[in-house]
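To start, the structure under review is shown below, and the notes come after it.
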Number of protein chains: 2
Amino acid sequence: MREAGKSNRYNIRVVDRAISVLNVLADGKPRTLTELSKEIEINSSTTFRLLATLLSHNLVQQEDSTGQYRLGLACLELARAYNTGDEIRRAALPVLEALRNVTKETVHLAVLDELEIIYLEKLEGLHAIGLMSSRVGRRAPAYCTGIGKVLLAQIDSDLVASQLKNITLKQYTDTTIVDEGELLAHLVLVRNRGYALDLGEHENDVRCVAAPVFDQTGKTVAAISVSGPKDRIDPTESNHLLIEQTTEAARTISGQLGYQNTITSSREDQNAEDH
Amino acid sequence: MREAGKSNRYNIRVVDRAISVLNVLADGKPRTLTELSKEIEINSSTTFRLLATLLSHNLVQQEDSTGQYRLGLACLELARAYNTGDEIRRAALPVLEALRNVTKETVHLAVLDELEIIYLEKLEGLHAIGLMSSRVGRRAPAYCTGIGKVLLAQIDSDLVASQLKNITLKQYTDTTIVDEGELLAHLVLVRNRGYALDLGEHENDVRCVAAPVFDQTGKTVAAISVSGPKDRIDPTESNHLLIEQTTEAARTISGQLGYQNTITSSREDQNAEDH
DNA sequence: AAACGTTTCTCATTAAATGAAAACCCACTG
DNA sequence: CAGTGGGTTTTCATTTAATGAGAAACGTTT
């Protein structure tokens, strides 16, 4: 999604073009054929045919007042299908449910894509809802979210460092880590601890605890978090319980995925309780 | 989704093919290149290229243990995008939230596609959850669900009758209406009442009340429902409240969409309380 | 009803998609 | 460990099928 989407050697041009139509429409703004054709720089005849094709499969639909094109219902169906095929989400869901109910706070499941995370699941907390900007399918920066940091921490440090060269660390709030060196050092800490905290680094009064989920092969495949407003999520003392609950839930999910936490590939960090 | 998806005159073949790959994978079952290529009857070279293209846009991804292909994360992102652009859902969400909280039961928003409904939104009831088979993006038959019936009831009766010719009404439970004549008569009743009941016609002990949502032009664009187990949702007396709550919520949403319920196109059915 | 902007359609050109088949890569098996 | 077989990746020549130009149809506005 977004950007061009690298055209690999074998890509079929029309398909690339069709997908770029979808990606353009993915900002939610409906467009006319002409607008689209200009935006993606494709001849209007071709755009017409692309739209006709997508239309016939319900991947786009036409607003019937204006005739403008928007994404279609088939997108929802694909997502449903994605979810049912997603082993991680399936394993996680009941555990997340329990975690939400015991903490009463909002719980997330997300994966990493480059330097961003994508939310796979969100269970609203039992207090006032709709306060957080996260949505299933939405992206958020990795370097300033609990889930993001815990996932970055599992990746080879040099790799992260080289990827960081491509972006600038935006200072969302006054706790956001914007210094690369500081971030890398922090990630080491996160890795050793086995969990990450987010002290309002992305959204000012949202705090969270996040922990990684491993699969059979020991690879980090996702992470979970519990988040809430700063006045309920305390970064220091009472957190011990929350951290324990979160990491325990993550361990349970990992277990479901076949992860054996006995003898792991990586050496240190296996002495569970060092926080 | 499903079936072939009529190839209109202007459809671009490769794009059709690419989409059929997605549709095949939409059952959640991962496949190898060869399996896919056989299933959709496309030369394996071409399938390879299709997959490469979809892969590069994250619409499909490869399981890294087996190398099999499944739907990818971009599907989630498209759905997110679809939702944010969806005016109906946006207008409905807060009202549904309120309706769920006051009834404490599961609330749905869905639209009609031919003789099936597709769920746009589901808010779980506040009792035990996960009992219903509905999911956002999933389809369900229209003729035996509250939402479905209320939507069918708004369509020209002859049109519905002719569409019904193409399917057989499966007897899901012993209250399912399987006789076409009876169904059509029932739909007239539903239309006049302005709401539909589902007395376990699809899932044995799920009952529901559903009401239609209209847009600016008076067209029926969606429907909402409140559903719960048969021991909590009473079809007769105490229902009056629930029916009133449901239809009122639907009216509110319609209002948000610009519907003026003063002078409506259709004549009768405007004397609200005839149940 | 004229003028404009957009969408739909036709057609000839040729780029780009295609399938056959070869090369390559693994995982098994003897 | 060589040999076999199934799958995947790559090449290449053929020709289909995608393409853009432009014309026609449509609809909206002045």
Side-chain angles (χ1 to χ4, degrees), chain A residues 4-25 29-72 85 216-217 219, chain B residues 4-25 29-72 85 216-217 219:
Chain A
K6 53 271 161 182
S7 260
N8 292 346
R9 181 146 70 108
Y10 293 114
N11 279 26
I12 295 170
R13 193 178 58 150
V14 219
V15 178
D16 273 336
R17 288 175 158 193
I19 296 171
S20 79
V21 168
L22 294 179
N23 286 344
V24 167
L25 289 175
K29 192 175 127 228
R31 278 157 243 248
T32 68
L33 188 152
T34 313
E35 282 166 351
L36 267 168
S37 125
K38 284 182 183 140
E39 198 155 342
I40 55 183
E41 292 175 315
I42 291 178
N43 183 293
S44 65
S45 305
T46 302
T47 307
F48 174 67
R49 286 182 287 247
L50 288 170
L51 285 170
T53 310
L54 295 171
L55 214 40
S56 79
H57 293 277
N58 267 318
L59 281 165
V60 308
Q61 62 193 36
Q62 271 185 294
E63 229 140 73
D64 41 22
S65 47
T66 62
Q68 292 183 314
Y69 296 91
R70 336 196 284 94
L71 290 183
Q216 220 158 357
T217 71
K219 210 186 90 179
Chain B
K6 53 271 162 182
S7 259
N8 292 346
R9 182 146 69 109
Y10 293 113
N11 280 26
I12 294 170
R13 193 175 60 147
V14 220
V15 178
D16 273 335
R17 288 176 158 193
I19 296 171
S20 78
V21 168
L22 294 179
N23 286 343
V24 166
L25 290 175
K29 193 174 127 230
R31 279 156 240 248
T32 68
L33 187 153
T34 314
E35 284 167 349
L36 266 168
S37 123
K38 283 182 182 140
E39 198 155 342
I40 55 183
E41 292 174 315
I42 291 178
N43 183 293
S44 64
S45 305
T46 303
T47 307
F48 173 69
R49 285 182 287 247
L50 288 170
L51 285 170
T53 310
L54 295 170
L55 214 40
S56 80
H57 293 277
N58 268 317
L59 281 165
V60 308
Q61 62 193 38
Q62 272 186 293
E63 231 140 72
D64 43 20
S65 47
T66 63
Q68 291 183 314
Y69 296 91
R70 335 195 284 96
L71 290 182
Q216 219 159 359
T217 70
K219 211 185 88 178

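Note: hydrogens, waters and symmetry copies are ignored here, and every other heavy atom, side chains too, is used. Proteins come first, then strands; the chains are lettered A, B, ... in the order of their sequence lines, and each starts at number 1.
Under 4.0 angstrom from either OP1 or OP2 of C:dT8 there lies no side-chain N or O belonging to B:Tyr10.
Although no hydrogens or angles enter the test, the distance criterion places a donor-acceptor pair under 3.5 Å between the side chain of B:Thr47 and the main chain of B:Asn43. In this structure a side-chain-to-backbone donor-acceptor pair under 3.5 Å is missing from B:Thr32 to B:Gln68.
For DNA chain D, the outermost nucleotides in 5' to 3' order that have an atom under 4.0 Å from a heavy atom of chain B are D:dG7 to D:dT19.
A:Leu33 places its CG atom 7 Å from the P atom of C:dT8, with the value rounded to the nearest Å.
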The contact string for nucleotides 15-24 of chain C, one letter per nucleotide 5' to 3', using protein heavy atoms under 4.0 Å with B, S and - for base, sugar-phosphate only and none, comes out as -SSBBBB---
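For the pair B:Tyr69 and B:Arg31, the minimum side-chain heavy-atom distance is 4.5 Å or more. Contact check for A:Thr34 versus A:Ser44: no side-chain heavy atoms found under the 4.5 Å cut-off. The shortest side-chain heavy-atom distance between A:Leu71 and A:Gln61 does not fall under the 4.5 Å cut-off.
Evaluation of the salt bridge (charged side-chain N to carboxylate O under 4.0 Å, His left out) rule for A:Arg17 yields no partner, not counting sequence neighbours. When the salt bridge (charged side-chain N to carboxylate O under 4.0 Å, His left out) test is applied to A:Lys219, the partners found at least two apart in sequence or on another chain are B:Asp64. Residues satisfying the salt bridge (charged side-chain N to carboxylate O under 4.0 Å, His left out) criterion with B:Glu35, sequence neighbours excluded, are absent altogether.
Atom CZ of B:Arg13 sits about 8.0 Å away from atom CD1 of B:Ile42, to the nearest 0.5 Å. Expressed to the nearest 0.5 Å, how far CD1 of B:Ile19 lies from CG of B:Leu50 amounts to 11.0 Å.
Between its two ends, the helix from C:dA1-D:dT30 to C:dG30-D:dC1 turns its axis by 40°, counting five pairs per end and rounding to 10 degrees.
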